[in-house]
Each structure stands twice: as C-alpha cells, then as structure tokens.
Trainee: 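I have a structure I would like to understand better, so I am pasting it below and will then ask my questions one at a time.
Naming: A, B, ... by sequence-line order, numbering from 1 per chain.
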Amino acid sequence: MADLDGEFEPVLVGFFCNWCTATAADLAGTTRLQYPPNIRPIRTMCSSSVDPVYILKALLRGADGVFIGGCVPGDCHYVSGNFKERRRIAAFKTILDTLGLEHERIWLRWISAAEGQKFAATMREFTAKMKELGPSPFKKGWSI
Amino acid sequence: MPQSAVLKVKDGNLPNAIKDFLKGLLEKNLVEALLVPVELPSGNNVMLTLVTKVEKLEDARPLAPVMPVNAAKIVSTLTKLAPSEKKIGVILRSCELRALTELVKLKQADLTNLILIGIDCLGTCSVATYGMFCRENASPAEEFLKRVADGDDSLLREACRICEYPAPINSEASDITIGLIGMDWKEGILLQAASPEGELIIDALELGAEGDPSQREAALAALTEERIRQRDLLLQQTEQELKGQDNMLQLLAPCVACHNCRIACPICYCKECLLDSPTMVEFEAEKYVSWAEQKGALRMPADSLLFHLVRLNHMATSCVGCGLCEDACPNGIALMKPFRLVGLRVQRLFDYLPGRSLDDELPLTAYREEEFGELGYK
Amino acid sequence: MSSGNGTKRIGIFVCHCGLNIAGVVDMEKVVTEIRKYPGVVYAADYQYMCSDPGQNLMREAISEHRLDAIVNANCSPSLHEKTFRNVAASEGLNPYNLEIANIREHCSWPHANDPEMATRKAIAIIKATIDRLKLNAALEPAVIPLKKRALVIGGGIAGMQSALTIANTGYEVVLVESSPWLGGHVSQLSSTFPTLDHPACLIEPMMAEVASHPRITLYAYAEIEEVSGYVGNFVVRIRKKASFVDTAKCDNCGLCFDPCPVSVPSEFERGLATRKAIHIPFAQAVPQRPVIDNESCIHLIRVKSQGKGDSRLQTPDSRLLDGSECRACKEACPAGAIDYSQQDRLVEEEVGAVIVATGHDLISRDVLGEYLSDPDIIDGLQFERLLCPTGPTRGAVKRPSDGKIAKEVVWISCAGSRDTERGVPYCSRVCCLYVAKQTLLYKRAVPDGQAYVFYMDIRSDVMGTEEFVQGMVEKSRTMYLRGQASKIFRDGEKIKVWATDTLTGKDIEIAADMVVLALAMVPSTTARVLARKLNIICDQHGFMTEAHLKLRPVDTLTSGIYLAGTAQWPKDIPDTLASASGAASRILSLFSRAVLLHEPAIAFVNERVCVGCEQCVSVCAYKATTLDPDKKVARVNEAVCEGCGACVVACPSKAMKHKNWTPRQFFDMVDVFAQEYVGEG
Amino acid sequence: MDNLRSPENRVAVPVTRRALVIGGGITGIQASLDIADAGYEVLLVEKTPSIGGHMLQYSEVFPTLDCPQCIGTPKMVEVGQHPNIKIMAYSEVDSVSGEVGKFTVTIRKKAKYVDWDRCNGCGVCQQKCLTTVPAEYNCGLPFNKRKAIYTPFAQAVPNKPVIDRDHCGHFTTGICQVCSKTCPLGDGVIDYSQEDTLVEENVGAIVVAAGFDLMAKGAISEFVEDPDIIDGLEFERILCPSGPTAGAVMRPSDGIEPREVVFISCVGSRDPELGVPYCSRVCCMYLAKQALLYKHAVHDGQAYIFYMDQRTTGKGYEEFVRRAVEEYDVMYLRGRASKIFRDGDRLRVQGADTLSGKRVDISCDLVVLGMAMMPSAGFKELARKLGIATDEYGFITELHSKFRPMETSIPGIYVAGTAQGPRDIPDSVAMGSGVASKVLRVLSLEEGGL
C-alpha cells in the first residue's frame, strides 16, 4: 500500500469494456501516454457485465478505488449495456452514500476506443483523487 | 353497479362484521377459498390460513394486529407454479399488497383468479407482544385498534410507527378495500370497490347505501402526515448514527450469518441466495488464511457487511418497509431503519414507489438515455 | 500446491516484444515470481513469442510439459489472441484454455518511467489472468443447423433484386408480396431521373424472371402471419389470401372484367381511373391473373354478411343486393376458374434468413391541413400516372376535375417532409429530383405550359443529378421559388397558391390549373406489425432500424434478418438496389457455411437455481433469454446470445452465468489485485 | 440481370474462384469480408501501407457521432486475421488481362525497404529514425510528424513500417543506417536494396473500391493560400481525439484555439466553372458535424456555415442539422463566400447572405473549406489499366445509373463506394456488401456457366 518512499499508493481495480475503454487503454499504450501504474485492469465484454458485487468485493478486500469504463452513450457494442450499468451503479452508489461508505471510490466513465488521451488523463485524475481520499477504511477492517 | 358501500357493524362488534362479510363471500360463492389470518388453537397467535368452509371462519382474525409472515410471500407460494383455478380471496395489508405487486412484476406470483381484499392497518406488534396482549384482553384486536387510534403507538413495531401507508395505495391491484380509518367502528365501516369484481361483491352482498369516502380520506391524510413526520425524524437520526464503516460494523456485530432476515423478506425471492451459494462461500482454507494474512485477522463467518450490502443492492428498489427482516433476526439487529432509509433514497433516485402500479417498470432493468451523466451519480 | 482448480497444468509464456516490454519490465523477476505461483508448471520468456521460433517454443513446451492451459503475457489480445490460440489448438488444446495477459499496452508502455511498479503490475496482471484461466471451461462453438433458403418479404424492386441475386447464386427463395402483383411503386412510375428511362423496360424482365425462376417460390397476395425460430432456422407461416380465381384454370383471357357491375377507384392509378371488382392492375402485371377484391365484389360481400346473419349491407351498388345475386364474372368465365368459395390458406415455410423489403407509402394528405381535398391537387405518384403513356390519360397532362390540359402547374416539394409540426422531420430524399424530372416531362407534354416549383433546398446530391436539375431548369424555364406555400385554395376554375419567395422576400400568388404535392415517404402501414412479428426494431417513424447505421447498414439486430430498400429509410432506385444486393450478399455469406458456428462464451442457466423472475429477459437487448413456460426457468437461445453478460448482473441469484466470465472468475481476479500488497503497509 | 454473357454466348471456361478487391477503405473492407465470409479467397490490394482508408482519419462520424476507430479497427483486424483474405498493402495494380471468370492481374509491390515477412512490427526503428516528415495521415498538419520509416497510424493493418525513400537519410545522404542497425531482429530485415516487384495473380472477378480524395485547395484560385484555411479532412484530424493535437482544437498557424470558425460548403462542388458540377453529397453533413464538434470543444466559440442548399437526406441527418442550429447556435448563412483574406492575425471572410440580401463580413480565426470529392489520385490511370469507362471527372461510369449501379462496362469488374461517385459511409458500406453479391454470383457459377 505504500511505495518505497512511504507515500500512499492506492490499489485500484479497473473494469474496462472490451470494445471501448480497453481499446482506449491499448491506444494510450500504443501512443506511449504515461499514467500512474496503480490501476489493475480487468477486461469485461461490456460495462453491463460488471456486477456491483464485484465492486464491493474489491473494496472490501482492500482496493482503494474501482473504475468502470464503458462505451460512450449511443455507442454500446451491445446496444444499451452502458445505460443499464449506469443505473445499477447509480443505485449502488446511492446505497453506499446513504450509509456513509465512501461511494466516491467508485467511478463510471465513458471512454471511446479513440480516446487514448482521455483514458490516460482519466487514469491520472482517478489515481490522484484516490490518493487524496487516502486508504480505504475497509482495508484494515478485519471484522467486516 | 355500486362503487362503495357501508358495511354495517351490528351490536358494535367490528370483528364480527368483517367476519360476516368474509362468510358472505364464501356463502354466496363469490370466492371458493379465503386466505385470512386465523387464530391458532394455542390462542396466542394467528397465522394466514386458507379457508374453504364457512365454519372455519369462526376463528378468523382479520383485524389481529400481528404479521408473523408477509402475506405476499404466501400468495407467491400459492400461485408461483401455476395460477389458481379457483377463485381465492386474500386479505392484505398495505405493505403486503405492495410487496405482492413487486412479486408479480418479478413473476413470483400470479393474480389470476385472486380477489384481493385490501384492509386498512393501523399497525402491528411483534408476535411475542401479541401473545401477551391476547392473554390480557378478551378482544385483543379491538382493544389494540382503540389504543392506536387514541394515539398510543407504544405497542407498535417500529416499522409500523413510521409506516406512511396505513391504507392500501394500490387501488388498481386490490379489488376491494375495507376502510377502517376515520370510520365509527361501532356503526359501520367503508367498503370500496376498485374493479368490476369488487363491484360485483358489493352488489351481491346487498349492503345497501353507498358509502361516503370523504371522512376516511381526511383521517387518512392526517395520519399519513403524522407518520411521515415520524418517519423522517427517525430516519434522520438513523442516518446520523449509522454513517461510516465503524457504525455499520457496530450495528452488524451480532450478525451470525443465519440469513433469517432474507428468509423473512418478502422481496428476497431467490431459491438459492447468491450469498449462500458456493460462488460466495466455498473457498479453500488457504484462501481464508490469505485473507486473514492480508488484514492480520479475519472474522468468521466472514463477509457480514458484504451480505447486507449485496442484499440491499438486490432489494432496495422494491423494499416496502414491512420490517420483518428485523423481527426475524435472532440477535435483534435493528435492520429496518437502515434498510428503510436506503430503500427510500434509491427509490427516489428513480422516482419509483414499490407497489404503486403493476405498470411501473422495475428501475434496474430499465434505463433512460438522458440521466445521471458520466459518473453514474448525481 | 493447490488452487481453485488444481487439475490444470498451466504454462506461462512471457514475451519481451524486443525492448517494448523487456525494456521496462524486469523479465527475470516476472518469470521467477510466476514460476512459484500455484498451478504453474512451466514458465518461459522469449524475445518475440509471436515469431516462428517463439511459437515453436510454445509448441515444444506444451508437449514436453503436458500443459493443458496457457497464459501468454504480451501485447493486447486484439493483436495475437487468435495467433496463440491457434498455436495451442495445433497442439490439441482447447483455444479457451489460453488467455492473454496484456502487459504491453496496459503496462510496459504507459509506465515506461516506472520500471519497478510496471514489473509489479505485470506480475499482478499475469497472476490474475492465471486465476481466471483456472476456471475457464473448454468451450466448443455452438453448432447451429442452417436452412439454406431465404425469405424475402416484399415484391418491389428491392425484394426482387434480393430474391434474384440469391436465387441466381443457387439458393432457394420464398418471396412474399402482399399485393396480388409484383413491381411495387416503381411499376407506377412514368420514367426515372436523371436518365429518363422507362422503368417498365427494366422491371418487367425482373418480374418475369422472378415469376418463372425455378428457385423462387412466389406467394403473391400473401402476408406474413407469424415468424418463429432464429437465424438458420426460421419457421414462417404465410397467409395466402383468397383471390377467388383458380389460377390453375384461369388463362387470363380477360372476359370477366367487362361484365362486372362494380367500379371502384384503381389503386394502381391512384384513383385517377376506376377498376372492376375482378381486375388486374395493368396489362403486363405479373403474375398474370385476375383477383376478386372481396371488399368491393357484391357477391362476396353478400356471402360474407349472410354468413354472419347481417343484413345491413353497404356496397357500392345496393340495387343488385335487393334482387338476385351477382355472378357476372363466373358466368362470363369460359374456363370455369371463378371460385367464390375460396378461403385464405395458411402455409408454412422453413428458411434460414429473411430480407425485409416492404417499401414505403406516401404520407396521408389528411395530416397536411392546408391541402384541400381538391381533385386538382394531386400527389407526385398521381402525376407519374398522368405522365405515363400507358396511364389513365395516355400521357396527356389533363387535370382530373374536368380533363382540361393543365397550363400552369405548381409543384410543392417537402409536402410533409422536413415538417416537424404536421408531417415528418426527415427529408424524403427523392422528391427534389422527381419533381425536377416531372417538370421537364411536363414541358415536353405541354410545351406552352408553365411549371413552378416551391422548394426549401434543392437536394440533387446523387451523381449526375446536379447537372440534370441545372440543365432542366434552363431547358424548361421552370420557375424555382424558394419558400413554402402558405395557402392553397380553390378560386373558381383555378387553384390559388400563396407563398413568400424567401430569396427576394416578395409575396407571390399563382393561379394554377393543378398542384402537385411531393408527399413525404413514410413506411408502409404494415411495417410496425411485421417488425413485431420478426422481432426487429422500428424507429419513431416506423422505418426498420439497422444494426449499425455505419457498419452494418443492411443487418438488423436480430441475426439472420436483413433490410433492403425503403423499408429502412427513403432511398432512390440505385441506393435501393445497392442495399438489396447488399442484403443478398449478407445472406450468401451466411449460406456459404455448412453450419452456423456461434461464439460459445455466452450465457447459460443453472436451472436448479433459477427462479424464473425474468430479470434476464428484461435486460437482454437481443431477446436471447426467454422463460421456459413449463419449467418456469430462463432459457438462453445459443444462436442469438451475443455474450455481453448483462443478464448475469440482472440475475440476483446468479443462476444466469456467462461462460468463462463467471462471477467467481471476477472475484478471483479482484482478489489477486487487492491482495498484491499482502504483508506490506 | 447481371452483365454476364448472354446465354447464346456462353462458353465453358473454368472460373477462378478468387476475387480481387482494389482499395482497402471501408468499402473494400466490407466487400472483402463479405466475399471471404462466403468462402472465397480475396486478394485485397491497397496502395498505402495500411488498410482503413479515409474513414479512420475522421474524428466522429455523423449523424450518430460514434468514433470511426471504435467501429473501424475491429473490422480491420478481422480482415487482417481472416484466413480467406490476403492483404497486399503498399501495392498497386499494374495491368489486367483476361475476362470475367479468369482475369490475370499483375500487381506492383512497391519497395518497402523492410522485409515484412520477417518484421514483427515492434516499432523500434520508428523510434530511432532521425528524420521527421509531415505525416500524410495527418494531412501534413504541423502538429505531429512521422519518421522516414513509419506506419501511417498506430492501429495500422498490417502493422509494419515502410521507408519513405524521398526523405530517408539513407537514400538522401547515403550514410544513415540507424533503422537497420537498431532493428532488434538484426540483419537484413531493413533492406535498402529492395526494389519494386511484380507479381501475377489470377482472379475471377474484380471490385474497384479505390475511393476518393479531396480536391486540392489550390484549385480554387479565389481563396488565398493560408495555413489557417484548411480543408475538411485537415479539420477532422484536428478534431480527432487520437489526432495530432489529441483533439484540442487549434489553428495551424500558431496553435491558438480559434474563437470563430467559418465553414464553407460547396467549395469546388456544384461549380461548373472553377470546380466540378456535381454535388459532393457529404459536405453539408460533415461541416454541420464539425461545427457541432467544434462547439463541444470550444463552448463559447462561434461557428458559421456558408451553404447553398442544405442537403441532409440520410437517416437522422435532418434532425442532426437541426440540433446543430438549435442546441449549438451554429449560424447558417445561405450564400457563397466570395473572398477570404488575412487581416493581422485573423482571417476575414466576405460574402452575401441571399436570404437577407445583405453582405456579410466575418472576422475569424480559422476557415474550413468543404472541398469537392474527387476520384482518388491516379484513379484515371487505374481505370485505363482495367479498361473500364470513366466519366469526365474520373468516376467510374456504371452500366446503368438506376438499375445496374455496381456494374462497369467490363463484365466481371464491379465498382463500389466513392469510386463510383460521392457517397457517405452507410451507402458505401451497403454498396460494399452489394458488390460482394455480384462477385459471389460470378464465383459460384457452375463450370461452363459463363
């Protein structure tokens, strides 16, 4: 959780849609855009296949932030998966928010396959924000 | 056909009047069976009972202020595999009717051939309290109603104290409503039909004069307002007390993962709960040890917070606030308040009111193209 | 060493990609770490794993170490997943037992400045991929039988072009046309822009070829009753409407027409002429056979009403009903082909793919308030009939009210199109050009006549048409006025048109003999109903929606169903033919396979756990999930599921699972990442 | 219906069951996939080093505003990995003989100076190369250049480099060997001695999908040459998130974000005197889209569009333009811009609004010209080699514009996409599928069916 200098390095898990965000991440790589290495990528076929329970599991096990990347509205490879996922995440974040469980650690963003720049910029922003939030309270909660 | 009628109360005996109404339904073949609360021989509890013979209605206690099980679950049991071929009348409180509507949308119940009889409910007490109350009172239901109507809510379950729907809201789903609120129980109560079948019943029972709903509506509005006030007060307090991981863990500390809360919940309809399934619980010792290593220790059974949050994630949009989850907890975890609070928030997010209408789409299977923006959160 | 699925012998192949990965990520460290990971029996690194020596290294390791599952750590799966899966398959492994860990695009490249962390991340990515792989099932593509036979719905040029293309390539085609005859709207046109050809020369051979083609089964005067099944295996019920003429006996002598006492407006002539109750629309109609219209034939109306015991008859000619029954056509027929007792018949056909080519209609004039229902205010298609040498006026431009030659004619473009208030918001694409063509032909027919055209924008964007319009304006001296007519009304002999010319700002009044409305194209009335039967989507206007406007313009979202012509959107003839050929070629591609192979990483149901709540059904964009009515559990149609996984999230008990993307696999990956820092901090 | 032999002229010739597709743009890609999916071999010849065509250069495409990379690259990968498709990139058709069913085609494989059979596309040579050159893929815009050894763009298929002989230090000075020396595969993969080679291939049918180019800005003499007067393709690159400015809108002269942008439709199109008489069909829409995307990037900027007629005939197009006007305040001016000139660090556009009858004089930072679509460079020469008829502008003349829109004057040679005339992406893709059915018809003929 801390790098060699002792600075807090958040553990971040990213669910990237195969058709857009994962491809944008490929493009960011291909164009050698640099972003912090904290994010751990999990490719999914569609953002709509990311169940809140996966997100919760990541957070409770010690991740400091979870990112879900989907296709730009209207662009979903599976017609409307991104819209469905957005509702689920909105509901789920509302649950966490109501109970004061730091919903800010979950981000949902649309990044198209062409937006390598946006991907890198978003990863920088996400990592910085999670650093700012500090370690997740779940991290050490052995009794959760 | 008449839309409403006054059900006269003979000799000031309210339970008998309703019982007679129910008997009429069976006698006149308006229904072939009735699902009603009937007093058990033990004399200290009522259970929903499927009655086909009029005689068995003698012990019916439709006004008994106790809800051991949410009736929506029983209707689901009855009709899930195949709709009823015989006409069955079912008496339901508001929270039961609303839960039933949700279960119908979730294909867990079928309203075919059911006559839904909604009944005003001023609130219920726990099964234990009811047992005691029965011992102390000759006519417990009447006594209970009187006390609550006089403003004494000390016997009510907390869920009922903040229930803003003492009357069935879903007039389109129930065929007929028994209106108690605002009525003079010694004289007569209101029957209101909301379907052709309901009208047929009022017509067949030859009750005479049409009723005047205005009195009930006024009383209902006042009661609802008061309940909402209570609700907001309590939930506001809950929110302050519960915020954050530490408070949540404090609340859930007694949880032993028996999962009775989900068994009691009318909305939790799964055959095998994900949270009891091999996917979530079957891991090798090595894995558990690795989790322990990560945090230095691991509470067992593990994942109590995960369980409750995932359950909320599954049922919050449809939660009707009946509070039976809390009653079911062997260790008395006060689940009702946080669930109610979260339910309200999530339902407001989608402008959804569970049980309002069969036509409202379940929020999580629908979407709008223009909503929430990119973060998925307002 | 145990693991989630300890039976797999896992091999890891880490690629340096020259310096692209190895220049950042510490290869030695990665291999050393990964070798220790539970389940891994072999790990190797190589400069270019995708090269021939690299692939050989993999092959040798697979056989030598009896590997049965592999993680390749290299570039993005979009580049070499197929390559390496082929390598694995060549050694007898199931391709789904190979997964790619992307440590180049997602790791070494974007973290080139931080080799330490990049190495850590690479290890984590590989470990997570290993854990996911442990639970991968060996999948085989679903094999779906394929009926190599196509259904084409619609017998206009789009449908005929599709049908002929498929049939001429050697497959059978079932062509269903709702009217009794082929040809569609094109058969009504006088000529086509910009070349001014007579369409008959082009479509009549087409109609003849369709009717006589050995591989085309033509159902004219028939409708789609019901469609079930899915790609490769559709079952279609077709209602053959009763024509009351026995085609086997009828030799089309035409003797039945004259005696028929009923005259009704001819649909083909768009009301500019009449036809009999027994009729064919025009001399060259295909198939060559008359039909009795049971809406106007008084014999049939009488039979129908007696059947219902209803004596209140409303027919064009009530005198006859009072007396004897009419049998005029039957009596006139020398072949004894008239059969009043004929009934609709249902036939069933099995096909593997469907083309929808149901074409368009013109918008109803009723919605356009200011256009009076005046006989001399006609629509573009009616004007085509007037111009047509074989039409009701033999090509003379006579106005319908009194048969006088129209000396001043006003055309109104965008009548209903681009009109958000009363009509439709879109452009109908062909009006600008056919109006230009009509004015030119009008000038040929009436040399001293004057044509006026009110327009909003001139849209001559098809090759050759810009020149056509420019040239035509010069030749015919047509007045082009930019603006919309504000009022059209009858004034004695004339029809007055008021408008403002938006270019000069001046108000204009024209006293015309005839007004031609270029009415908007709208989908045919039956489109929505048909779309529902086919389980395809219509847009808000009722046009059929394609799978992707840009990249799958002739496909629908339902596999095996394709779109051709104006059923999809207003198109001109060339675009219609191109899309019809396109739809046909999609089917030819489909039919070239022996069977259909479908991606196997799709949803499946654990029936023991499923409660039949239909949440999966609600969220499926492809209608691949349905409820088994007997078992009351969800069912996945393997041929239709696209494998997005939305149903898994919708299913609260996860009775629905996505093969090789199961919740447990996600949990295990998440675990690897969250646990990477065990013992630290 | 097809222009094959009439029945009486049928002869028994063996059909070569293999097709040639000329042009690797979206039309050629679609045609190749449809033919290959039907089980026949396809030879796809592309003159640039990568397939993809113009579509890949665009930022977002109208009217859905989806990104062409998202929808295009998977198709390119599919072509690259298709067992039935052989891509010959950086190659051109040299000559054709034979007839329907049995053409013989000679293809010139241009010298790449890289042994593609051995190169694995690792990209080291491109990083090390010392020479930078304006990139064709970025329309020569100043913001981002390529090396003398290069792949045109990151997602290129095949993803292998070529050496641009005109700029390569080895060829210009005779000394540099940086790429050859740094190639991790070592000896001989970079091969400065490579020469053009001719290969002969037999095919049964040919699809011409050679695409278009924009008319050169210089063709219109009334508009001065100025770095801030750009054409539509250049502006696409500037708007593109993966373009040379990473999607930041900046003007070429100094990189400043333009506050006012003037778009001019019909530059060259519908202009029989200075340009071409036909309409280029896509400009109305792409300029509206560019104006809208510009407003997405520069919220308080102002976009003006000079137009003659608004031609928005496709699905969802009319609504799209309405959105540009109503939601994004794009100012439409009906009329022609007559003069553009530099005024300090800005440009001035003068013209007339024919609706108000008033003269307009707009000071702006950037002018985007909707240049006419022309057949791609060298296309006339290709048509001559194939022996097919073209019109005076160089587009292929189809056999019949109404009823045989995809057939050329030579049986067995078919045309699709913008090689036949200006059209948009949906129409090009539909035509790509359409032309495949023509080819399949030939390739599936029984022996002697010709």
Trainee: Can a side-chain donor-acceptor contact be found between C:H106 and A:D26 if the only test is distance below 3.5 angstrom?
Mentor: yes
Trainee: Rounded to the nearest 0.5 Å, how far apart are OH of A:Y78 and OG of A:S48?
Mentor: 8.5 Å
Trainee: Using a cut-off of under 4.5 Å for heavy-atom pairs, which of A:P36, A:A58, A:A22, A:A25 has the most such pairs with chain C?
Mentor: A:A25
Trainee: In terms of heavy-atom proximity below 4.5 Å to chain A, should C:A128 be classed as side chain, backbone, both, or neither?
Mentor: neither
Trainee: Sort by residue number and list every residue of residues 125-133 of chain A having at least one heavy atom under 4.5 Å from chain C.
Mentor: none
Trainee: Please flag which part of A:T31 lies under 4.5 Å from any non-hydrogen atom of chain C: side chain, backbone, both or neither.
Mentor: neither
Trainee: Start with the C-alpha distance between A:R40 and C:E676, add both sets of side-chain angles, then the distance that settles salt bridge (Lys or Arg N to Asp or Glu O under 4.0 Å), and finish with yes or no.
Mentor: CA-CA 10 Å; A:R40 295 289 179 266; C:E676 202 186 320; 2.6 Å; yes
Trainee: Go through the atoms of C:N113 and report whether side chain, backbone, both or neither lie under 4.5 Å from a heavy atom of chain A.
Mentor: both
Trainee: Ignoring hydrogens and angles, state whether a donor on the side chain of A:W110 or A:N82 is under 3.5 Å from an acceptor on the partner side chain.
Mentor: no
Trainee: Taking every non-hydrogen pair under 4.5 Å, which of A:L12, A:I42, A:L33 racks up the most with chain C?
Mentor: A:I42
Trainee: Relative to chain C, which of A:C46, A:C17, A:P37 shows the most heavy atom pairs under 4.5 Å?
Mentor: A:P37
Trainee: Taking the six-membered ring for Trp and the full ring for Phe, Tyr or His, determine whether the centres of C:Y426 and C:H541 are under 6.0 Å apart.
Mentor: yes
Trainee: Do you know which of A:Q34, A:H77, A:R61 has the most heavy-atom pairs with chain C at a distance under 4.5 angstrom?
Mentor: A:Q34
Trainee: In terms of heavy-atom proximity below 4.5 Å to chain C, should A:F15 be classed as side chain, backbone, both, or neither?
Mentor: side chain
Trainee: Check whether A:K84 gets within reach of chain C through its side chain, its backbone, both or neither, counting any heavy atom under 4.5 Å.
Mentor: side chain
Trainee: Kindly compute the distance separating CD1 (C:I536) from CG (C:D555), expressed to the nearest 0.5 Å.
Mentor: 11.5 Å
Trainee: Donor-acceptor pairs are to be reported for all side-chain atoms of residues 646-655 of chain C against protein atoms at under 3.5 Å, with residues two or more places apart or in another chain.
Mentor:
from	atom 1	to	atom 2	distance (Å)
C:K654	NZ	A:D51	OD2	2.5
C:K654	NZ	C:V648	O	2.9
C:K654	NZ	C:C651	O	2.8

Trainee: Check whether A:V53 gets within reach of chain C through its side chain, its backbone, both or neither, counting any heavy atom under 4.5 Å.
Mentor: both
Trainee: Name the member of A:V13, A:V50, A:T30 that forms the most heavy-atom pairs with chain C at distances under 4.5 Å.
Mentor: A:T30
Trainee: What part of A:R43 gets closer than 4.5 Å to chain C, counting heavy atoms only: side chain, backbone, both or neither?
Mentor: both
Trainee: Please classify the contact between A:I39 and chain C as side chain, backbone, both or neither, with a heavy-atom cut-off of under 4.5 Å.
Mentor: both
Trainee: When heavy-atom pairs shorter than 4.5 Å are enumerated against chain A, which of C:A124, C:S78, C:G643, C:A118 gives the highest number?
Mentor: C:G643
Trainee: Between C:N136 and C:Q665, do the side chains contain a donor N or O and an acceptor N or O under 3.5 Å apart?
Mentor: yes
Trainee: With a 6.0 Å cut-off on ring centres, are C:F604 and C:H658 close enough?
Mentor: no
Trainee: Are any of the side-chain nitrogens in A:R88 or A:E85 under 4.0 Å away from the carboxylate oxygens of its partner?
Mentor: no
Trainee: For the residue pair C:Q615 / C:S618, report whether a side-chain donor-acceptor contact shorter than 3.5 Å exists.
Mentor: no
Trainee: Nearest 0.5 Å, what's the CZ-CD distance between C:R120 and A:E9?
Mentor: 9.0 Å
Trainee: Is it true that the side chains of C:N637 and C:Y622 contain a donor and an acceptor less than 3.5 Å apart?
Mentor: no
